[in-house]
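To keep things clear, I will list the structure first and then write my remarks on it.
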Amino acid sequence: MNHTEREIQAFLAKKSKSAIVLEMLLNREYVTASDIINYYREQDPNCPVVFTTCPHKLVEKIRKHFGYDFVKDKDIPFFRVQYSSKGKPFKISDTYKEYFLDKLVGV
C-alpha cells in the first residue's frame, strides 16, 4: 500500500506527538526510543522536559494510521559494564530498538 504525500502531509499537519515522530522518521535513517524521549532536549540542550515517557505508543499510533509495515523496527544488541558490590566489573547484554520507515511500503 503506497501512501500519498497528501496523506502523510495531513498526518503531519496535526502537529501531534505522533506527527512529530513521523517527521523525525522521514528525516532520519532511523530513530530510537531515546531520540523520541529526548526530542525537546535536541531542540534546546538546557531544556529538562521529557517529550514522552512512552515512545513505543507514538510509533504504534503511526502504525495504526498507516499500517503496521509502514514503520519497521529492529533490535540492536549492546553491552554495558556494571560493577558488583565488591567493585568487580561485569558485562551485561541488552538491546534497544531502531525504528525506521519501510521505503517499500511507500513513503
Side-chain angles (χ1 to χ4, degrees):
M1 176 179 180
N2 285 342
H3 299 285
T4 65
E5 183 70 24
R6 199 163 146 189
E7 287 177 295
I8 293 171
Q9 291 305 319
F11 191 88
L12 293 173
K14 295 177 183 177
K15 301 290 186 202
S16 65
K17 287 185 176 184
S18 294
I20 292 169
V21 171
L22 177 56
E23 188 170 355
M24 291 170 71
L25 288 164
L26 287 166
N27 293 310
R28 301 179 186 191
E29 184 179 342
Y30 64 87
V31 174
T32 66
S34 292
D35 294 334
I36 297 169
I37 290 167
N38 295 313
Y39 171 75
Y40 286 138
R41 293 205 46 116
E42 287 181 9
Q43 309 309 307
D44 177 4
N46 298 318
C47 183
V49 179
V50 172
F51 182 64
T52 184
T53 56
C54 203
H56 61 282
K57 281 295 189 185
L58 299 177
V59 172
E60 187 177 296
K61 287 179 182 180
I62 296 168
R63 286 175 167 161
K64 185 176 180 181
H65 187 85
F66 291 101
Y68 186 83
D69 288 340
F70 187 70
V71 179
K72 299 284 192 181
D73 62 68
K74 64 180 174 180
D75 289 332
I76 306 297
F78 71 97
F79 296 94
R80 55 192 164 106
V81 176
Q82 295 245 335
Y83 295 90
S84 70
S85 60
K86 296 180 181 180
K88 183 176 179 180
F90 61 95
K91 279 187 180 179
I92 294 180
S93 65
D94 208 342
T95 60
Y96 68 90
K97 283 200 183 298
E98 287 182 351
Y99 298 101
F100 55 95
L101 294 179
D102 185 351
K103 303 296 184 186
L104 299 176
V105 173
V107 178

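Computed from a predicted model, the values in this text were never measured in an experiment.
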Quick one: closest heavy-atom pair of [X] and [Y], and the distance?
X: Phe66; Y: Glu7; answer: CZ-O, 4.1 Å
X: Ile62; Y: Leu22; answer: CD1-N, 3.7 Å
X: His65; Y: Lys14; answer: CE1-NZ, 4.1 Å
X: Thr52; Y: Ile37; answer: O-CG1, 3.5 Å

Listed pairs under 3.5 Å, donor-acceptor, residues 85-97 side chains, sequence neighbours left out:
residue : atom : partner : partner atom : Å
Asp94   : OD2  : Arg80   : NH2          : 3.4
Lys97   : NZ   : Asp73   : OD1          : 3.4
Lys97   : NZ   : Asp75   : OD1          : 2.9

More than 12 heavy atoms of other residues, nucleotides or ligands under 6.0 Å from OH of Tyr30: yes or no?
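It does not: Tyr30 OH has 12 such atoms or fewer within range.
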How about Glu29: does its CD atom have over 12 heavy atoms from other parts shown lying under 6.0 Å from it?
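Result for CD/Glu29: open.
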Could you please spell out the steps behind the side chain to side chain contact (heavy atoms under 4.5 Å, CB included) verdict for Arg63 and Phe70?
CA-CA 6 Å; Arg63 286 175 167 161; Phe70 187 70; 5.7 Å; no
Are [X] and [Y] packed together at the side-chain level, in the sense that at least one heavy-atom pair is separated by less than 4.5 angstrom?
X: Arg28; Y: Asp35; answer: yes
X: Lys72; Y: Leu101; answer: no
X: Leu58; Y: Ile20; answer: no

Ile76 with Phe78, same ILVMFWY side-chain cluster at under 4.5 Å:
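Yes, it is one cluster - the side chains of Ile76 and Phe78 are joined through contacts under 4.5 Å.
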For the hydrophobic clusters of this structure (ILVMFWY residues joined by side-chain heavy atoms under 4.5 Å, transitively), does one cluster hold both Tyr68 and Val71?
no
How long is the straight-line distance from [atom2] of [Y] back to [atom1] of [X], given to the nearest 0.5 Å?
X: Phe11; Y: Ile8; atom1: CZ; atom2: CD1; result: 10.5 Å
X: Glu98; Y: Thr32; atom1: CD; atom2: OG1; result: 7.5 Å
X: Glu23; Y: Ser18; atom1: CD; atom2: OG; result: 13.0 Å

Going through the checks in order, is the side chain to side chain contact (heavy atoms under 4.5 Å, CB included) test met by Leu25 and Tyr99?
CA-CA 8 Å; Leu25 288 164; Tyr99 298 101; 4.1 Å; yes
With Lys57 via side chain to side chain donor-acceptor pair (under 3.5 Å) - residues at least two apart:
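Side chain to side chain donor-acceptor pair (under 3.5 Å) list for Lys57, sorted by chain: Glu60.
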